[in-house]
Amino acid sequence: MTVYTQVSEEVATALAERRPVVALETTLVSHGFSGGRGLTVAVESERRVRAAGAVPATAGILDGAIHIGLSSAELERFSAAGLSARKVGARDLAACLAQGAIGSLTVGGTMAVCRQVGIKFMGTGGIGGVHRGFADTLDISSDLLQLARTEAVVVSSGPKSLLDVAATGELLETLAIPVLGWQTATLPRFYTAAGGPPVSATVSDSPEVARICAAHWQLNAGGGLLLARPPVGGIDIDPLIDEAVARVSREHRSGQAVTPAILALLDELSDGRSVEVNRRLIEDNAGLAGEVAVAYTQLTTA
Ligand code: PSU
Ligand code: MN
C-alpha cells in the first residue's frame, strides 16, 4: 500500500513523546500574500510556535506526498509557486497526490491531515465560512465541515470579514462547534474585533482553553473547536471590503479563486494596511496555538 504521509523527524519524535505540536497551513503562504511575503509570515509563525514551547508542523503536498513539518527549502517551494500551487481542501488531497502537483493545504485540508497523525492544535489567520450572497451561490467553505469532524482546536481571528460573519456564526452553532472567544464575548471579524455575533463561551487563559478541549473531546469524540482571538491593531475597512467583494463578484469569479482575489484587491485598496493586520494576526494566532498546546499537554500528562 502506498504511504502518502511523510512526517518530519522532529514532528514524528514530538508526537511519539506526546509533546505539544501545532499544525500550520500552506495556502496562506502561496495564495494569502503576494510577492513572497507569505514565506516571511510562515517562518515567523513557526518561530512563535517554538517560542511558546511547541513544535511547528507546517503541512503541504510535494512530489506526491503529504509533508508534515517542512524544511526551509520545502517551505520556499510553496511561496515560489504562488497562485500556481493548487489550493487543496480535503476533497482535493487524492487528486493532488496522484497527479504529483504542488498542493497548498487550506485550513480544512490541514485538518484532514492532522486527523491522520493525531495533531490536535492548529494556528491560522481566518477560517473559511459562509460567503456573502450564499443563498445564490451556495459558497460555503469546507473548512467548517472539517472543523466539525476533526478532534482539534483551531486558533483564528474568526471568519474573514469578506464573508457573511453572522451566517458563519449560525452554521458553527448548527455544526455544534464550540466557539471560544479569547478574552472577548463576540466573534472577531478578522480585520476588526468588533461587530460579530456572540461566542458560545468566553475564555480568559490557555489552561482554561485546555480544560474545555479535554472535556469536549471526552464528551464529543471526534469534534473540533474554534478559538477566536481578536486582532491586535485591527482596522475597520468594511467599505473597502464591500467594494472588493462587489468587484470580484462582477468579474464572475467563483469557487476557490474568490478568497485570494478579494484578499489581493483589499491589499491594493487599503494601501497595504489589510496585509499588515493579516500578517500580525496570523503570527499572534500561531503563538497562542503553541501556548494552548503546551497547556493541554501539561493538563493531560499531569
Ligand atoms: N486566512 C488568511 N489567508 C488565507 C486563508 C485564510 O489570512 O489565504 C485561506 C485558508 O487556507 C482558508 C481558505 O482555509 O483561505 C478558505 O478558502 P475558501 O473560502 O475558498 O474555502
Ligand atoms: Mn468557497
Side-chain angles (χ1 to χ4, degrees), residues 23-34 37-42 44-45 58-61 78-79 81-83 85-93 103-114 122-134 136-147 150 152 154-165 167-168 171 188-192 224 226 228-229 231 234 237 241 244-245 248-249 253-267 270 273-286 289:
L24 300 169
E25 57 154 308
T26 35
T27 292
L28 63 84
V29 181
S30 55
H31 291 66
F33 295 86
S34 58
R37 288 175 296 178
L39 181 61
T40 320
V41 176
E44 177 61 15
S45 297
T58 308
I61 297 178
F78 290 94
S79 156
L83 297 176
R86 281 195 205 174
K87 185 173 154 186
V88 174
R91 74 162 181 177
D92 309 302
L93 287 171
S104 298
L105 296 174
T106 62
V107 171
T110 308
M111 297 203 87
V113 163
C114 284
M122 175 173 182
T124 189
I127 59 161
V130 180
H131 281 259
R132 299 180 187 187
F134 64 92
D136 297 322
T137 61
L138 215 66
D139 190 352
I140 298 173
S141 177
S142 124
D143 286 356
L144 299 180
L145 200 68
Q146 294 306 316
L147 192 51
T150 310
V154 174
V155 182
S156 83
S157 294
K160 284 184 282 277
S161 17
L162 47 105
L163 301 167
D164 185 329
V165 178
T168 304
L171 193 49
R189 295 189 302 130
F190 195 69
Y191 296 115
T192 177
L226 184 66
R229 190 192 134 282
I237 49 169
I241 295 171
V245 171
V248 167
S249 97
R253 281 187 214 250
S254 60
Q256 290 183 325
V258 171
T259 300
I262 296 176
L263 290 178
L265 189 51
L266 259 186
D267 177 14
S270 72
R273 284 185 303 146
S274 66
V275 169
E276 180 49 28
V277 175
N278 198 347
R279 177 194 68 73
R280 168 114 197 240
L281 63 82
I282 291 170
E283 295 167 1
D284 288 347
N285 292 345

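Computed over heavy atoms, backbone and side chain alike; hydrogens, waters and symmetry mates excluded. All ligand and atom numbering here is 1-based and tracks the order in the structure.
- Using a 4.0 Å cut-off between a side-chain N of Lys or Arg and a carboxylate O of Asp or Glu, Arg279 and Glu283 qualify as a salt bridge.
- Put simply, the side chain of Phe190 does not reach to within 4.5 Å of the side chain of Val165, judged on heavy atoms.
- Looking at Asp139, its N, O or S atom nearest to the Mn ion (ligand 2) turns out to be OD1.
- Taking every non-hydrogen atom of Lys87 and a distance limit under 4.0 Å, the qualifying atoms of ligand 1 come out as 17 (O), 18 (P), 20 (O).
- Contact annotation: for Asn278 versus ligand 1, heavy atoms closer than 4.0 Å belong to the side chain alone.
- Side-chain atoms of Ser254 and Asp139 include no donor-acceptor pair closer than 3.5 Å.
- Summary of contacts: the protein heavy atom closest to atom 12 (C) of ligand 1 is Asp143 OD2, 3.4 Å.
- The shortest contact between atom 11 (O) of ligand 1 and any protein heavy atom is with Glu25 OE1, 2.5 Å.
- Between Arg229 and Asp284 there is a salt bridge, since at least one side-chain N of the basic residue sits less than 4.0 Å from a carboxylate O of the acidic one.
- Taken from CG in Leu281 to OG1 in Thr124, the straight-line distance is 9.0 Å, to the nearest 0.5 Å.
- Taking CG of Leu263 as the reference point, atom CD1 of Ile241 lies at 9.5 Å (rounded to 0.5 Å).
- For ligand 1, the atoms sitting less than 4.0 Å from at least one non-hydrogen atom of Phe190 are 7 (O), numbered in the order shown with element in parentheses.
- Distance from atom 8 (O) of ligand 1 to its nearest protein heavy atom, with residue and atom name: Gly32 CA, 3.5 Å.
- Scanning all heavy atoms of the two residues, the minimum distance from His31 to Lys87 falls at NE2-CB, 4.0 Å.
- The contact set between ligand 1 and Thr106, taken as ligand atoms under 4.0 Å from a residue heavy atom, comprises 11 (O), 14 (O).
- Proximity of a side-chain donor or acceptor of Arg280 to a complementary backbone N or O of Val277 within less than 3.5 Å is not detected.
- Considering backbone and side-chain N/O of Gly126, one or more are found under 3.5 Å from N/O of ligand 1.
- Nearest protein neighbour of atom 19 (O) of ligand 1, counting heavy atoms only, is Thr259 OG1, 3.0 Å.
- In terms of N/O distances under 3.5 Å, ligand 1 is approached by Val107.
- Protein heavy atom nearest atom 9 (C) of ligand 1, with residue, atom name and distance: Lys160 NZ, 3.7 Å.
- Near Thr27, with a cut-off below 4.0 Å to any heavy atom, the atoms of ligand 1 are 9 (C), 11 (O).
- For atom 21 (O) of ligand 1, the nearest protein heavy atom (residue, atom name, distance) is Ser141 OG, 2.7 Å.
- Side-chain contact between Phe78 and Thr58 is absent, with no heavy-atom pair separated by less than 4.5 Å.
- Under a 4.0 Å criterion applied to the non-hydrogen atoms of His131, ligand 1 contributes the atoms 19 (O).
- We find that Lys160 and Asp143 are not joined by a salt bridge, their nearest charged nitrogen and carboxylate oxygen being 4.0 Å or further apart.
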